2 protein chains.
Amino acid sequence: MTAIKESSTIQENKQYALEKCPVTFVMEKIGGYWKPIILYHLSTGDKRYSELKRAIPAVTEKMLIQHLKQLETDGLVIREAKPVVPPFVTYSLSEAGKGLLPVIDAMAAWAFKVKDGVYTI
Amino acid sequence: MTAIKESSTIQENKQYALEKCPVTFVMEKIGGYWKPIILYHLSTGDKRYSELKRAIPAVTEKMLIQHLKQLETDGLVIREAKPVVPPFVTYSLSEAGKGLLPVIDAMAAWAFKVKDGVYTI
DNA sequence: CATAATACATACTTTAGGGTAAGTACTTGT
DNA sequence: ACAAGTACTTACCCTAAAGTATGTATTATG
């Protein structure tokens with residue numbers, strides 16, 4: 001249990017995020033490098049833990065499970081475990097998680113436009 | 001100039017991002033805590049540096065200027081400086097930057113839905 | 001009996017990013 | 001002569017996040 005320094009700008013900010021700036025609020029939930037990528041891979045349907053691992057080879061197991069737990073805690077993904085051995089766990093998007101798909105889709109659309117040279121960056 | 005360790009998963013990943021995952025590619029450009037917030041504040045029109053500072057009180061000057069420079073380098077914002085004293089510098093979205101507005105808008109729309117209780121998270 | 005498969009957990013180390021504080025340049029106003 | 005305003009810059013420190021490596025439970029299978 002690592003104590004959080006109260007004077008961290010970002011941490012203090014998080015308390016008031018929704019009131020102050022909607023984008024800040026979203027960044028609390030899906031900020032960080034891996035979360036949007038996980039959501040993107042779940043957007044095409046339920047995935048087992050091991051399927052996500054294969055779909056995102058660059059992520060370490062620690063990061064994957066950590067972010068899945070956070071996304072679950074934040075109510076964006078749903079974890080379902082069948083009581084079998086070996087374990088069978090699937091992750092899927094909740095309604096709130098599905099509500100974020102326009103964000104993910106807009107990201108993908110922009111990336112493809114860049115790829116196609118629509119924008120010169 | 002701080003050397004980047006080659007063995008960082010995220011750093012290595014960045015080389016191949018666009019090929020592998022469009023969302024990863026976008027996260028390279030607007031990932032991090034402050035960038036989407038900056039874009040959000042620029043979405044309503046050009047802003048002077050000092051206006052941005054006032055609009056985002058929680059950000060430190062170092063972070064603000066650092067991210068503005070990165071966004072400029074990435075071709076998402078345009079910096080225009082009038083050669084006057086005191087300095088008069090305005091930041092605005094480039095075409096590519098404007099292309100990201102659907103992403104920002106989708107974020108804001110989701111946040112307001114959460115606020116209105118459309119989703120239970 | 002040992003290995004494989006799945007879905008994690010945990011201890012420890014490293015690093016990238018963020019925070020603090022101070023300084024710079026140039027001119028106008030008092 | 002000194003402060004005030006604007007848009008930065010730079011040096012140093014600290015922490016949160018990410019990476020590495022190993023361990024756990026359970027059962028089927030050779």
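The sequence lines fix the lettering, A, B, ..., with proteins before strands; numbering per chain opens at 1. For clarity, every value in this text was computed on a predicted model and none was experimentally measured. Both backbone and side-chain heavy atoms feed into the values below; hydrogens, waters and symmetry mates do not.
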- Message: So, OP1 or OP2 of C/dG17: does either fall under 4.0 Å of a side-chain N or O from B/H67?
- Response: no
- What residues, two or more places apart in sequence or in another chain, satisfy side chain to side chain contact (heavy atoms under 4.5 Å, CB included) together with B/M107? A/V23, A/V26, A/M27, A/V103, A/M107, B/V103
What pairs of donor and acceptor atoms, side-chain ones from residues 69-93 of chain A against any protein atom, are under 3.5 angstrom apart with sequence neighbours left out?
{"from": "A/Q70", "atom 1": "OE1", "to": "A/K35", "atom 2": "NZ", "distance (Å)": "2.8"}
{"from": "A/T73", "atom 1": "OG1", "to": "A/K69", "atom 2": "O", "distance (Å)": "2.8"}

- Can you tell me if the side-chain N/O atoms of B/Y33 get under 4.0 Å from OP1 or OP2 in D/dA17? no
- Message: What residues from residues 68-90 of chain A pass a heavy-atom cutoff of under 4.0 Å to DNA chain D?
- Response: A/V85
- Query: Of all residues at least two apart in sequence or in a different chain, which pass the side-chain hydrogen bond (donor to acceptor under 3.5 Å, both in side chains) check with B/E61?
  - Reply: B/Y49
- Note on the structure: Sequence neighbours excluded, the answer for side-chain hydrogen bond (donor to acceptor under 3.5 Å, both in side chains) partners of A/T44 is A/K47
- Item | Integer-rounded Å distance: D/dA16 P and B/W34 CH2 | 15 Å
- Which whole-number value in Å describes the distance from A/I65 CD1 to D/dG19 C1'? 17 Å
- Message: I need the NZ-C1' distance between B/K62 and C/dG17, as an integer number of Å.
- Response: 7 Å
- Can you sort out which residues in residues 45-54 of chain B have a heavy atom within less than 4.0 Å of DNA chain D? Ascending by number, please. B/R48, B/Y49, B/S50
- Task: Specify the separation, in whole Å, of atom CD of B/E61 and atom P of D/dT6.
- Result: 11 Å
- Query: What is the distance from CD of A/Q66 to P of D/dA18, rounded to the nearest Å?
  - Reply: 7 Å
- Task: Please confirm whether the backbone N or O of B/A96 pairs with a side-chain atom of A/W110, one donor and one acceptor, at under 3.5 Å?
- Result: yes
- Integer-rounded Å distance: C/dT10 P and A/M63 CE: 15 Å
